[in-house]
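Worksheet: one structure, shown below.
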Amino acid sequence: MRPRLLPLLAALLCASFAQAATLAPEQRFRTLGDFSGKKPGKPARDVSGLACMPVANGAQRCLLINDEGSFAQFARIAENRITPRATLPIVGTDASPDTLGQPPQGICRAPGRFAELDGEAVAYADGAFYLAGSHGCSRNKGEFRLSAFHLARIKVDVEGAPTGRVELTYRLSDMLRQAGEAGAFFGRSLMDDNGLNVEGIAVIGDTLWAGLRAPSLGDRSFLVGASLTALFAPGHAAATAAPTVVALPAGRDRGIRDLAPLPGGRLLALLGPAQEQSLPYSLMLVDTARPEAAETLGELPARGGGKAESLTVLAEGRGALNVLIGYDGRKNGHFESYRLPLPAETR
């Protein structure tokens, strides 16, 4: 083979591998009706999280969050159909005196008004849904808006109906501030200063894992593990327990955009740009006990203005996962399902 042909061959091989790594959706899910947007009567175009209870009677009861409102919305998934249900207020027009812990102080560039939740993540475990605000400064002005610094718990019955009031806590901020080198970016601007931002949560046992969109440091993104017992302890004392911090080899300028728990204690992470870099979204299998062995399962195809921000595991079995991906920027989340190989645990 002529030497001058080697670079061309190498380029072709690299292109082939890149194409092979791009996942193909199995099907588009139909939404039977609209999810509620920020403006009354308008469909949601800012879906940022969806979590579901286990299948019961052929359907899953779920909760959806978007990042431009102060409410969540229930949903039902059956086969390839998603039916929006009732909305649930999470925060009001001002801070609640019943919120656990203490509000964070002395962060962001300037004070701002109590506004929307800026909901970025939702999880389900053991009879309760959990919702997290971004815990970051506002995007445009870098303002401190206390409404975005809440973690919520909604206990539900076997039908997915709430069984009491929404519980709110500020204590995730305490944990994030103590998160080692990542914690140093708490209260900074996401766009201008690589400021800390939560975009995914998952619950395994007593640990709530927060996946950080930023900071991205070198080629690392971060998971912060916090005790649910400490987060929702009665009273207004700040959390003092140290969190668990795990660095993932996510790649330069990449962060965690959502999380989902897997059997055996592993996590599935949706990765994407830490800010607005032109980078693909991908799925990574993570064992928090061996983060250096994290394995990329594939990249997601581009979706014309849609940002992959919602990851839900629908089913697992026979060495494979069925997952649902939702998109911020697309009407009602433009949900698509994917089937992924699930490598065996190697502990």
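- A heavy-atom distance below 4.5 Å is found between the side chains of Leu342 and Arg266.
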Exercise. Passes side chain to side chain contact (heavy atoms under 4.5 Å, CB included), Leu208 versus Leu151? Steps please.
Worked result: CA-CA 11 Å; Leu208 181 138; Leu151 175 69; 4.1 Å; yes

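- Distance alone, capped at 3.5 Å, is enough to place a donor-acceptor pair between the Ser147 side chain and the Glu116 backbone.
- With hydrophobic clusters built from ILVMFWY side chains whose heavy atoms lie under 4.5 angstrom apart, Ile154 shares a cluster with Tyr124.
- Of all the heavy atoms in Ile82 and Ala75, the pair that sits closest is CG2-CB, 4.3 Å.
- Between Arg61 atom CZ and Ile77 atom CD1 the span is 11.5 Å, to the nearest 0.5 Å.
- Annotation: cation-pi geometry not satisfied between Arg330 and Tyr327 (NZ/CZ under 6.0 angstrom from ring centroid, within 45° of ring axis).
- Taking the side chain as every heavy atom from C-beta outward, Arg254 and Leu279 approach each other to under 4.5 Å.
- A salt bridge is absent between Arg109 and Glu143: the closest approach of a Lys/Arg side-chain nitrogen to an acidic carboxylate oxygen does not fall below 4.0 angstrom.
- Put simply, the side chain of Leu300 does not reach to within 4.5 Å of the side chain of Pro280, judged on heavy atoms.
- Within 6.0 Å of the CG atom in Asp157, the count of heavy atoms belonging to other residues, nucleotides or ligands exceeds 12.
- Ionic pairing of Glu336 and Arg28 is not present here: no N-O contact between side-chain nitrogen and carboxylate oxygen is shorter than 4.0 angstrom.
- The closest donor-acceptor contact from the side chain of Ser189 to the backbone of Asp192 lies under 3.5 Å.
- Scanning both residues, Leu131 and Ala72, for their nearest heavy atoms gives CD1-CB, 3.7 Å.
- If you take OG on Ser138 and CZ on Arg145, they are separated by 4.5 Å, rounding to the nearest 0.5 Å.
- For the pair Cys137 and Leu190, the minimum side-chain heavy-atom distance is 4.5 Å or more.
- The shortest side-chain heavy-atom distance between Leu259 and Ile201 does not fall under the 4.5 Å cut-off.
- We find the NE2-CD1 distance between His135 and Ile107 to be 9.5 Å, quoted to the nearest 0.5 Å.
- When all heavy atoms of Ala44 and Ser36 are compared, the pair lying nearest together is CB-O, 3.6 Å.
- Glu276 has a carboxylate O that lies under 4.0 Å from a charged side-chain N of Arg213, or vice versa, which qualifies the two as a salt bridge.
- Note on Val122: it clusters hydrophobically with Leu212, by side-chain heavy-atom contacts below 4.5 Å among ILVMFWY residues.
- A donor-acceptor contact shorter than 3.5 Å is absent between the side chain of Ser227 and the backbone of Thr207.
- A salt bridge does not link Asp328 with Arg303: every distance from a Lys NZ or Arg NE/NH1/NH2 to an Asp or Glu carboxylate oxygen is 4.0 Å or more.
- Under a hydrophobic-cluster definition in which Ile, Leu, Val, Met, Phe, Trp and Tyr are linked whenever side-chain heavy atoms come within less than 4.5 Å, directly or via other members, Leu283 and Tyr338 are assigned to the same cluster.
- At a threshold of 4.5 Å between non-hydrogen side-chain atoms, the residues Phe186 and Arg177 count as touching.
- In the hydrophobic cluster analysis, where Ile, Leu, Val, Met, Phe, Trp and Tyr join through side-chain heavy atoms closer than 4.5 angstrom, Leu88 is grouped together with Tyr130.
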For this session: Please report the C-alpha distance between Ile256 and Leu271 in whole Å, then the side-chain angles of each, then the deciding distance to 0.1 Å, and finally whether the side chain to side chain contact (heavy atoms under 4.5 Å, CB included) criterion is met.
Result: CA-CA 5 Å; Ile256 298 167; Leu271 304 180; 3.9 Å; yes

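- You'll find the side chain of Ser70 stays beyond 4.5 Å of the side chain of Ile90, heavy atoms only.
- Cluster membership check: Leu146 shares its hydrophobic cluster with Leu231, using side-chain heavy-atom separations under 4.5 Å among Ile, Leu, Val, Met, Phe, Trp and Tyr.
- More than 12 non-hydrogen atoms from other residues, nucleotides or ligands lie less than 6.0 angstrom from CZ of Arg81.
- Atoms CD and OG, from Glu120 and Ser134 in turn, are 5.5 Å apart once rounded to the nearest 0.5 Å.
- Listed here is the closest heavy atom pair of Ala59 and Ala78: CB-CB, 4.3 Å.
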For this session: Any chance you could lay out the side chain to side chain donor-acceptor pair (under 3.5 Å) test for Asp206 and Thr229, step after step, and finish with the verdict?
Result: CA-CA 7 Å; Asp206 184 56; Thr229 301; 2.9 Å; yes

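- Ring-plane geometry between Phe149 and Phe144 is classed as tilted, the angle between the planes lying from 30 to 60 degrees on a 0 to 90 degree scale.
- Between the side chain of Gln60 and the backbone N or O of Ala56, no donor-acceptor pair lies under 3.5 Å.
- Exactly one residue among Val313, Val286, Ile204, Leu267 makes a side-chain contact (heavy atoms from CB on, under 4.5 Å) with Leu262. That residue is Val313.
- Around atom CG of Asp98, more than 12 heavy atoms belonging to other residues, nucleotides or ligands sit under 6.0 Å away.
- Under the 6.0 Å distance and 45° angle rule, Arg153 counts as a cation-pi partner of Phe232.
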Problem set entry | side chain to side chain contact (heavy atoms under 4.5 Å, CB included) between Val246 and Trp209, worked out | CA-CA 10 Å; Val246 175; Trp209 290 101; 3.9 Å; yes

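- Without hydrogens or angle criteria, Ser216 side chain to Asp253 main chain gives a donor-acceptor distance under 3.5 Å.
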For this session: Output, in order, the C-alpha distance, side-chain angles, deciding distance and verdict of side chain to side chain donor-acceptor pair (under 3.5 Å) for Asn194 and Gln275.
Result: CA-CA 8 Å; Asn194 205 19; Gln275 284 80 35; 3.0 Å; yes

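- Under 3.5 Å, the side chains of Arg139 and Asn197 contain a donor-acceptor pair of N or O atoms.
- Using a 4.0 Å cut-off between charged side-chain N and carboxylate O, Arg220 and Glu181 make a salt bridge.
- Across Thr296 and Ser282, no two heavy atoms sit closer than the pair CG2-CB, 4.4 Å.
- Asp34 places no side-chain N or O within 3.5 Å of a backbone atom of Pro43 that could act as its donor or acceptor partner.
- Ion pair Arg339/Glu26 not flagged as a salt bridge, since none of the NZ, NE, NH1 or NH2 atoms sits closer than 4.0 Å to an Asp/Glu carboxylate oxygen.
- The OG1 atom of Thr312 lies 10.0 Å from the CZ atom of Phe29; values are rounded to the nearest 0.5 Å.
- Between the Asn332 side chain and the His334 main chain, no donor and acceptor come within less than 3.5 Å of each other.
- Separating the SG atom in Cys52 from the CG atom in Leu63 is a distance of 9.0 Å, to the nearest 0.5 Å.
- Using modelled atom types, one side-chain atom of Asp258 and one backbone atom of Leu311 make a donor-acceptor pair closer than 3.5 Å.
- Between Tyr170 and His150 there is a side-chain heavy-atom pair separated by less than 4.5 Å.
- For the pair Gln102 (side chain) and His236 (backbone), a donor-acceptor distance under 3.5 Å is present.
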For this session: Evaluate side chain to side chain contact (heavy atoms under 4.5 Å, CB included) for Leu268 paired with Leu340, printing each intermediate quantity in order.
Result: CA-CA 11 Å; Leu268 187 63; Leu340 309 173; 4.3 Å; yes

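- A donor-acceptor pair is defined here as one N or O able to donate and one able to accept, closer than 3.5 Å; no such pair exists between the side chain of Arg45 and the backbone of Gly333.
- Shown here for Pro104 and Ser173, the closest heavy-atom pair between the two residues is CG-OG, 3.8 Å.
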